[in-house]
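What follows is one structure encoded as structure tokens, with my remarks underneath.
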2 protein chains.
Amino acid sequence: MKDGPDLARIANLVGDPARANMLTALMTGTALTASELALEAGIGLPTASSHLTKLLEGGLLSVASEGRHRYYRLAGPQVAGMLEAIMGVAATLGPQRVRPGPREATMREARVCYDHLAGEHAVKMLDSFLARKLLVRDGKEIRLGKDGASHFAAIGIDVEVPGKSRRPVCRDCLDWSVRRSHLAGTLGAAILDKILAEKWARREKDSRVVTFSPKGKQEFARVFLG
Amino acid sequence: MKDGPDLARIANLVGDPARANMLTALMTGTALTASELALEAGIGLPTASSHLTKLLEGGLLSVASEGRHRYYRLAGPQVAGMLEAIMGVAATLGPQRVRPGPREATMREARVCYDHLAGEHAVKMLDSFLARKLLVRDGKEIRLGKDGASHFAAIGIDVEVPGKSRRPVCRDCLDWSVRRSHLAGTLGAAILDKILAEKWARREKDSRVVTFSPKGKQEFARVFLG
DNA sequence: TTCATTGTTCGACCTCCATCGAAGCATTGT
DNA sequence: ACAATGCTTCGATGGAGGTCGAACAATGAA
């Protein structure tokens with residue numbers, strides 16, 4: 001009767017509306033303070049604090065104390081992936097989706113997933129990388145292709161791995177909107193950094209949405225879609 | 001504040017221990033009756049019935065009435081995939097795993113995931129298929145390679161797709177124990193059928209565990225690992 | 001019909017937990 | 001030192017929902 005890992009324990013953590021809102025907010029990848037998360041979830045500070053300790057003890061979040069602030073973030077990409085998986089089921093199952101809404105459309109196009117880009121653009125980008133053999137699949141893993149490192153270096157993406165970090169350079173992450181993979185890992189994160197640094201796109205405030213400027217979209221296509 | 005699909009609603013469904021046990025039991029892919037599920041979850045019939053209607057309305061289960069029995073099953077492979085994703089987080093996060101236990105070891109080696117094989121053997125098998133180009137990745141999709149259909153037909157796996165079914169022939173599914181992909185879809189299901197039909201392995205009663213006989217393991221390696 | 005099996009519905013109980021106000025700590029700034 | 005900010009802890013409240021017994025409905029068998 002007790003097969004495998006404890007589903008209920010961690011699903012229950014996600015199952016509360018307030019906590020779910022917090023986790024969704026943290027899907028942006030940015031670390032947020034307790035008060036910001038309380039505002040996001042629409043609850044008081046004491047309640048938020050209580051939820052946060054539960055998520056912390058549950059292992060879904062990590063925290064960094066800095067001065068009198070405490071910055072909460074998702075415990076890792078794996079947690080983000082699980083949340084996307086649940087969103088995927090909720091999205092296809094949810095007949096109570098009253099209206100797609102404009103917000104929804106922009107989310108499907110481009111959004112932040114933890115620390116990398118997700119959505120249609122991101123899926124196309126990974127497809128292009130694989131087609132050009134800059135990246136190659138190896139089982140579930142994705143690795144740099146023969147010319148991968150030099151190519152990414154040439155376009156200003158620092159792909160060197162210090163060897164210390166456990167985090168893989170490339171990883172794939174299932175997209176809840178497109179139902180295909182996009183690129184995660186340090187490479188995915190570096191690419192998002194570059195896009196924002198070059199101001200090809202900007203993040204909408206308090207949202208996962210990423211909106212490209214017309215010119216930015218061109219540049220993105222030129223540089224990343226080959 | 002309300003970004004994307006409704007996480008909490010469906011996570012909450014999985015978050016109750018009784019419901020989680022039911023869902024875990026249904027990960028075997030077999031349809032079970034309400035009383036079987038009540039026994040599995042360790043609760044009374046009325047309680048089970050209440051949970052089942054919730055899971056049904058929530059869209060995680062489907063039901064088929066047959067005589068005075070009502071057979072419940074997971075709503076689809078997508079739900080199974082989500083459950084495995086949550087298990088993955090629970091497994092790596094769960095420090096309260098007191099002891100791995102023998103049950104755990106056999107689960108890692110080979111188990112049923114909804115309707116196909118999962119675990120180390122299954123991961124190796126997919127690796128082999130990809131290496132021999134019987135299957136090829138295409139983005140997130142997995143498709144039959146050039147010689148794929150004929151090869152599988154030769155070893156007695158009927159891979160023809162009636163065209164009617166929406167279900168993909170090949171799909172990958174993330175393995176919570178090995179953290180790599182294994183083969184799902186109709187092909188994955190057909191292969192599991194074959195393994196059981198040939199009696200190379202048998203299912204443990206009321207469990208996801210699949211145990212290979214020594215001879216069966218040899219045959220499995222010969223036929224599927226090339 | 002009569003009985004047995006299987007499931008659902010109803011009602012009542014009871015536990016759990018999300019919530020907030022107020023107080024307590026810690027850190028920073030003046 | 002004193003005040004202000006950010007957050008946690010404590011205590012009390014209230015509501016949601018999981019639980020089961022009993023009654024009811026539906027099917028199948030004797």
Side-chain angles (χ1 to χ4, degrees), chain A residues 1-2 6-26 30-74 96 206, chain B residues 1-2 6-26 30-74 96 206:
Chain A
M1 150 175 156
K2 191 106 180 329
D6 187 1
L7 258 187
R9 185 182 127 263
I10 106 110
N12 193 23
L13 286 174
V14 187
D16 177 80
R19 286 194 291 262
N21 283 332
M22 291 179 174
L23 291 169
T24 310
L26 289 171
T30 59
L32 296 175
T33 65
S35 27
E36 286 170 326
L37 288 167
L39 189 66
E40 193 74 28
I43 53 178
L45 269 142
T47 315
S49 185
S50 158
H51 285 307
L52 288 170
T53 56
K54 275 171 190 165
L55 289 171
L56 210 57
E57 288 171 358
L60 294 185
L61 296 186
S62 68
V63 67
S65 290
E66 199 151 329
R68 56 183 164 187
H69 296 274
R70 303 197 72 191
Y71 288 101
Y72 291 90
R73 50 164 42 93
L74 293 186
Q96 50 267 65
D206 296 331
Chain B
M1 150 174 156
K2 191 111 181 325
D6 188 2
L7 256 186
R9 183 181 127 263
I10 106 108
N12 194 21
L13 285 173
V14 187
D16 177 80
R19 287 194 290 261
N21 283 333
M22 292 180 173
L23 291 169
T24 310
L26 289 172
T30 60
L32 297 174
T33 66
S35 29
E36 285 170 327
L37 288 167
L39 190 65
E40 193 73 28
I43 53 179
L45 268 139
T47 314
S49 186
S50 157
H51 285 307
L52 288 170
T53 55
K54 276 171 190 166
L55 288 171
L56 210 55
E57 290 173 357
L60 294 185
L61 295 186
S62 69
V63 68
S65 290
E66 200 150 330
R68 58 181 165 188
H69 295 274
R70 302 196 72 193
Y71 287 100
Y72 291 91
R73 50 163 44 92
L74 292 187
Q96 50 267 64
D206 296 331

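Note: hydrogens, waters and symmetry copies are ignored here, and every other heavy atom, side chains too, is used. Just so we're on the same page: letters track the sequence lines, and every chain starts at 1. The structure presented is a predicted model; accordingly, all values stated were derived computationally and were not measured.
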Sequence-aligned protein contact record of nucleotides 9-18 of chain D, with B where the base is within under 4.0 Å of a protein heavy atom and S where only the sugar-phosphate is: B--------S
N or O in side chain of B:Thr33 less than 4.0 angstrom from C:dG7 OP1/OP2: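 So the side-chain polar atoms of B:Thr33 do come within 4.0 Å of the phosphate oxygens OP1 or OP2 of C:dG7, strictly under.
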Presence of B:Arg70 side-chain N/O under 4.0 Å of C:dT8 phosphate oxygens OP1/OP2: yes
Set of residues satisfying side chain to side chain contact (heavy atoms under 4.5 Å, CB included) with respect to [X], sequence neighbours excluded:
X	answer
B:Ala18	B:Asp16, B:Ala41, B:Ile43, B:His51
A:Asn12	none
A:Ser49	none
A:Ala11	B:Val14

Output the rounded distance in Å from [atom1] ([X]) to [atom2] ([N]).
X	N	atom1	atom2	result
A:His69	D:dT5	NE2	P	12 Å
A:Leu37	C:dT19	CG	P	14 Å
B:Glu57	C:dT9	CD	C1'	13 Å
B:Tyr72	C:dT6	OH	P	15 Å
A:Leu55	C:dA18	CG	P	10 Å
A:Arg9	C:dC17	CZ	C1'	18 Å
A:Leu39	C:dT19	CG	P	15 Å
B:Glu36	C:dT5	CD	P	16 Å

Over all atoms of both residues, closest heavy-atom pair of A:Val63 and A:Tyr72: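 Minimum heavy-atom contact is CG2-CE2, 3.7 Å.
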Minimum heavy-atom distance B:Gly44-B:Ala38, with the two atoms named: O-CB, 4.1 Å
N/O contacts under 3.5 Å, protein versus nucleotides 26-30 of chain D?
{"residue": "D:dT27", "atom": "O2", "partner": "B:Arg68", "partner atom": "NH1", "Å": "3.3"}

Side-chain (B:Thr24) to main-chain (B:Ala20) donor-acceptor, under 3.5 angstrom: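 Yes: the side chain of B:Thr24 pairs with the backbone of B:Ala20.
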Exam field: side chain A:Arg9 to backbone A:Gly58, donor-acceptor pair closer than 3.5 Å: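 Yes, because the side chain of A:Arg9 sits within donor-acceptor range (under 3.5 Å) of the backbone of A:Gly58.
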Reported CG-to-CG distance for the pair B:Leu37 and B:Leu26, which is rounded to 0.5 angstrom: 5.0 Å
